[in-house]
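The sequence lines fix the lettering, A, B, ..., with proteins before strands; numbering per chain opens at 1. Both backbone and side-chain heavy atoms feed into the values below; hydrogens, waters and symmetry mates do not.
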2 protein chains.
Amino acid sequence: MKRGTSRDIRTANRYEVLRQIIAASPTSRQELAAATGLSLATVATLVGELLDLRMITEVGFEDSAGGRPRGLVAVNASGGALIGVDIAETYVHVELFDLALNVLARAEEDVRPGESLPEQLVGHVAAAVGSVVMQAGIEGARVLGVGVSVPGQVNRDTGIAEYAPNWDWHDVPLLDLLTEHIAYPLYLDNPLRAVAVAELWFGAARGRGDAVVVTLGTGVGAGLVLGGGLHRGVSNSAGEWGHNTIVLDGRLCHCGNHGCVETYVGAPGIMLNLRELSPGSPLLHPEDQTATIAALAQGMREQDPVALKVVRDTARYLGAGIADLVNLFNPEVVVLSSWVAAALGEPLVAEVREAVSRHALPRPMAATEIVLSLIPSDPACLGAATFALEGALQSVGQRNAKRTTPARSRTAPPS
Amino acid sequence: MKRGTSRDIRTANRYEVLRQIIAASPTSRQELAAATGLSLATVATLVGELLDLRMITEVGFEDSAGGRPRGLVAVNASGGALIGVDIAETYVHVELFDLALNVLARAEEDVRPGESLPEQLVGHVAAAVGSVVMQAGIEGARVLGVGVSVPGQVNRDTGIAEYAPNWDWHDVPLLDLLTEHIAYPLYLDNPLRAVAVAELWFGAARGRGDAVVVTLGTGVGAGLVLGGGLHRGVSNSAGEWGHNTIVLDGRLCHCGNHGCVETYVGAPGIMLNLRELSPGSPLLHPEDQTATIAALAQGMREQDPVALKVVRDTARYLGAGIADLVNLFNPEVVVLSSWVAAALGEPLVAEVREAVSRHALPRPMAATEIVLSLIPSDPACLGAATFALEGALQSVGQRNAKRTTPARSRTAPPS
DNA sequence: AGGGGTTAGGAAAGGGGCTTTATAAAGTCC
DNA sequence: GGACTTTATAAAGCCCCTTTCCTAACCCCT
């Protein structure tokens, strides 16, 4: 059982301060102290650290009410670059961010069906990473790290992709393979947790103690933010909500079970909801999830009854599932994220809210907001980049160069 | 968002050391240091603190391999008493413990149907608490506190029972009512969390970072132990698993929803499972949950096919539900606790293990044990008493008498 | 232009925690 | 009886946060 040390407090505070600066750049030390609840002195030293690291810079002054003006600090956007890699079933998406987490460059590689060898995927990743670095015209030294999100179960310490259902991977030493092509520090995890971290740092979960980040994409997950940090579980596979049973003896899932959440509210599940309701619907683009979800979104805007019904049905399943999460965790906020949520947008969320409040207990429900993610682009990329950012900040706390007594010369002393 | 301070580390360590001493009394400082991962010096100071508090005593020495013998410490059983109160729908159960958490006295009061006024319940509690103190022949001063477990949603800070479905309570100021009759420090929470804390301190979850404690009684819950501590959620209602939907549009629950876990695996749910399978079964004692569950347990021992089938059906529901918890939390251990689990015992657990591994993802499942609670008596009482113990330990860390500059005399100084 | 008054920010001191190192205490073994 | 071991306590050091004090910087008013 890991014990907390006082250094962890420092790390958490460092994260907190940087988060706040990124969120509200430029800002003053005063504001930071108020927002984080830390003392002015502590904020000042943390700000000093970040200044030394060149992650932030002083950008001028702000009038105070009659006294010495407040010094303002802001993220030093050009102080470094972070790369986020989102490996999915059909594509590899890479984005390069500056330290303000603006996207400086993007690259996307299609993964053709059948391309399932780790080496093939790694090739795509390496190509795309090379591309974004070139596009952005960044010198390599300024890349602080590369975060990689890969579906399935990942051991982030050993860097092994223990199991990826899409490609039937078992214990692939992905980190080692990537290291051969990519010279930057690498951080590996899965999309569920990447998205949760993105929401925790930059999205709707920021500043919340307990939050659940529901990712709605091809797969489905529930990232758990507990006590201000990501809950990983004992083998880094917490949050695998997609294969929870929502309908006993329901639809067959590729995992082998029946009635998994994913089969009703994942993109393929939504397509099935549509097909069952209206088999010949023009909204349905077989073999193309993205197009079908987009068509549904468009249909909703046009008040198409079929689209509305499908979304309502989906929201009903989702609502029942999320109600379970609300009862269990009693979170401050449930964030709906990932591309399906982004596409279906606020109308979906409204239906979900409705459905959740039918199923959840009133008291926990009253304490919980259900909101749409605020993150505009691919949250898995952003989250992966955030892993790299966390990694860069972590190493600051590293014990700086262990002091050793100077080695005595092997030759006879001159005495 | 609450921030961790270095004092919290101290409190956690204090808990950890005392837990270990209670678990392995007598023990040496060396052993404690090894078990907790703390340095010898820290253990020594914490042990010193506990000795000063008279919660533990030195009980002799143990030979070391050729050096100074290890001093042994053990819980000072007579150093204080803790009282646990378990208020349930049909009874009030009170136990008085010594500091080794042995039961010194018990009292039980029946709550007749219709007795639903807070004052009536409080009367029962006061009577039973008085009784155990008398039985044990303890002087009042040595009672360190009284923990009270009451079903429903509880605000432990304000001491208000926000909602108790059994008696249709809404925002009853229970703590205030109890304070009028009971002079000891009071701690209020609900059975779900009481049982979880009992397992965390003294049961199968001890020393585990992440655990789920499933309580199977009339009601059903899932206490969440995350990062070595109880997860309470934002409004202290985390763990309300009993009203999660397990069968969409399933059995009607008293909460108004359909298909709640509780309606299938709570004691009344199990009775219904039995009735549906074999309406006229002699195992069924209508109106008496305890007798029916006992009859089922007996039936299983006699290989009664109906009993076996009912337990298997129940385990199937339970397995599906627990599989969801395993996927979500990725805990080290799932503990089945409370009286229904105790009654049905290992055969139930074996069936549950089987059912869970059919539903849960293989990787998280492989990392999770599913075990029966080791706690012999009423875990809610024990857990409630543990709240009192935690409370007593907490106040140690209290800033001891804020130093004030000595008040200057108002009269003119003698200078 | 030159003092108050006000606010920001840094430096120092203080309090709490944990660990490492040194010292004292209590045995065993030869 | 001395040397070696092992335990326990004391001392010193490091980390972290906060409080307090003081200087810096700016406003405004005279």
Side-chain angles (χ1 to χ4, degrees), chain A residues 2-17 26-34 36-52 56 58-73 394 396-405, chain B residues 2-17 26-34 36-52 56 58-73 394 396-405:
Chain A
K2 209 181 55 192
R3 233 150 15 74
T5 135
S6 70
R7 233 187 190 102
D8 297 335
I9 297 177
R10 182 66 143 194
T11 302
N13 289 342
R14 206 193 331 267
Y15 285 0
E16 195 62 36
V17 167
T27 184
S28 64
R29 292 171 181 78
Q30 318 291 317
E31 213 171 38
L32 289 169
T36 58
L38 293 165
S39 74
L40 221 51
T42 302
V43 168
T45 55
L46 286 170
V47 165
E49 264 181 40
L50 293 171
L51 284 169
D52 286 348
I56 62 177
E58 291 177 287
V59 293
F61 296 89
E62 180 185 49
D63 270 12
S64 64
R68 173 176 172 171
R70 286 180 279 273
L72 293 177
V73 294
Q394 195 95 48
V396 177
Q398 228 68 288
R399 150 178 264 68
N400 27 348
K402 192 171 205 149
R403 236 182 349 210
T404 61
T405 41
Chain B
K2 209 181 56 191
R3 174 185 326 295
T5 135
S6 70
R7 242 195 182 93
D8 298 334
I9 298 177
R10 182 65 146 192
T11 301
N13 288 342
R14 206 194 332 265
Y15 285 1
E16 196 61 36
V17 167
T27 184
S28 64
R29 292 170 181 77
Q30 319 291 317
E31 213 170 39
L32 290 170
T36 58
L38 293 165
S39 76
L40 217 52
T42 302
V43 168
T45 55
L46 286 170
V47 165
E49 264 182 39
L50 294 171
L51 284 168
D52 287 348
I56 62 176
E58 292 178 287
V59 295
F61 297 90
E62 180 185 49
D63 271 12
S64 65
R68 174 174 172 172
R70 287 181 278 273
L72 294 177
V73 295
Q394 194 95 48
V396 177
Q398 227 68 289
R399 150 179 261 66
N400 27 348
K402 193 171 204 144
R403 238 185 346 214
T404 59
T405 42

Quickly work out the [X] [atom1] to [N] [atom2] distance and round it to whole Å.
X	N	atom1	atom2	result
Ile9(B)	dC16(D)	CD1	C1'	9 Å
Glu49(A)	dC17(D)	CD	C1'	13 Å
Asp8(B)	dC17(D)	CG	C1'	13 Å
Leu38(B)	dT20(C)	CG	P	11 Å
Glu62(B)	dT28(C)	CD	P	14 Å
Phe61(A)	dA25(D)	CZ	P	9 Å
Arg10(A)	dC15(D)	CZ	C1'	8 Å
Glu58(B)	dT9(D)	CD	C1'	12 Å

Practice task
Measure the spacing between CG of Leu32(B) and CG of Asn13(B) and express it to the nearest 0.5 Å.
Solution key: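 Atom-to-atom, Leu32(B):CG and Asn13(B):CG are 12.0 Å apart.
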
Practice task
Working to the nearest 0.5 Å, report the span between CD of Gln394(B) and CZ of Arg14(B).
Solution key: 8.0 Å

Per-pair distances, 0.1 Å, donor-acceptor, side chain in residues 58-68 of chain B, under 3.5 Å, sequence neighbours excluded:
from     : atom 1 : to       : atom 2 : distance (Å)
Glu62(B) : OE1    : Arg70(B) : NE     : 2.7
Ser64(B) : OG     : Gly67(B) : N      : 3.2
Ser64(B) : OG     : Gly67(B) : O      : 3.0
Ser64(B) : OG     : Arg68(B) : O      : 2.8

Detail all sub-3.5 Å separations between protein N/O atoms and N/O atoms belonging to nucleotides 4-7 of chain D.
from   : atom 1 : to       : atom 2 : distance (Å)
dT6(D) : O2     : Arg68(B) : N      : 2.9
dT7(D) : OP1    : Arg70(B) : NH1    : 2.6
dT7(D) : O4'    : Arg68(B) : O      : 3.4
dT7(D) : O2     : Arg68(B) : NH1    : 3.2

Exercise for the section: Mind checking Ala41(B) for me? I need base, sugar-phosphate or nothing, with any heavy atom below 4.0 Å counting as a touch. Expected result: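 Since a base atom lies under 4.0 Å of Ala41(B), the category is base.
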
Completion exercise
Axis-to-axis angle across the helix from dA1(C)-dT30(D) to dC30(C)-dG1(D), five pairs each end, nearest 10 degrees, ~ 30°

Practice task
Between Ser28(A) and Ser6(A), just flag the one whose closest nucleotide in DNA chain C comes earlier from the 5' side.
Solution key: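 Going by which nucleotide is closer to the 5' end, it is Ser28(A).
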
Problem - Validation row: Leu46(A), Leu38(A) side chains within 4.5 angstrom (heavy atoms) - result: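 The answer is yes, as the side chains (C-beta and beyond) meet within the 4.5 Å cut-off.
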
Grab the two heavy atoms, one from [X] and one from [Y], that are nearest each other, plus how far apart they are.
X	Y	answer
Arg29(A)	Leu51(A)	NH2-CD1, 4.2 Å
Leu72(B)	Pro26(B)	CB-CB, 4.3 Å
Ala33(B)	Val43(B)	CA-CG2, 3.7 Å

Handout entry: Any Thr5(B) side-chain N or O less than 4.0 Å from OP1/OP2 of dC17(D)
Key =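 It does not, given that no N or O in the side chain of Thr5(B) lies less than 4.0 Å from OP1 or OP2 of dC17(D).
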
Problem - N or O in side chain of Asn13(A) less than 4.0 angstrom from dC17(D) OP1/OP2 - result: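 Looking at the OP1 and OP2 atoms of dC17(D), one of them is under 4.0 Å from a side-chain N or O of Asn13(A).
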
Handout entry: First of Ser39(A) and Asp63(A) reached from the 5' end of DNA chain D, by closest nucleotide
Key =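 First, find each residue's nearest nucleotide; the 5'-ward one identifies Ser39(A).
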
Practice task
Using the side-chain contact (heavy atoms from CB on, under 4.5 Å) rule, take Arg10(B) and Thr42(B) through it: C-alpha gap first, then chi angles, then the decisive distance, then the call.
Solution key: CA-CA 10 Å; Arg10(B) 182 65 146 192; Thr42(B) 302; 4.3 Å; yes

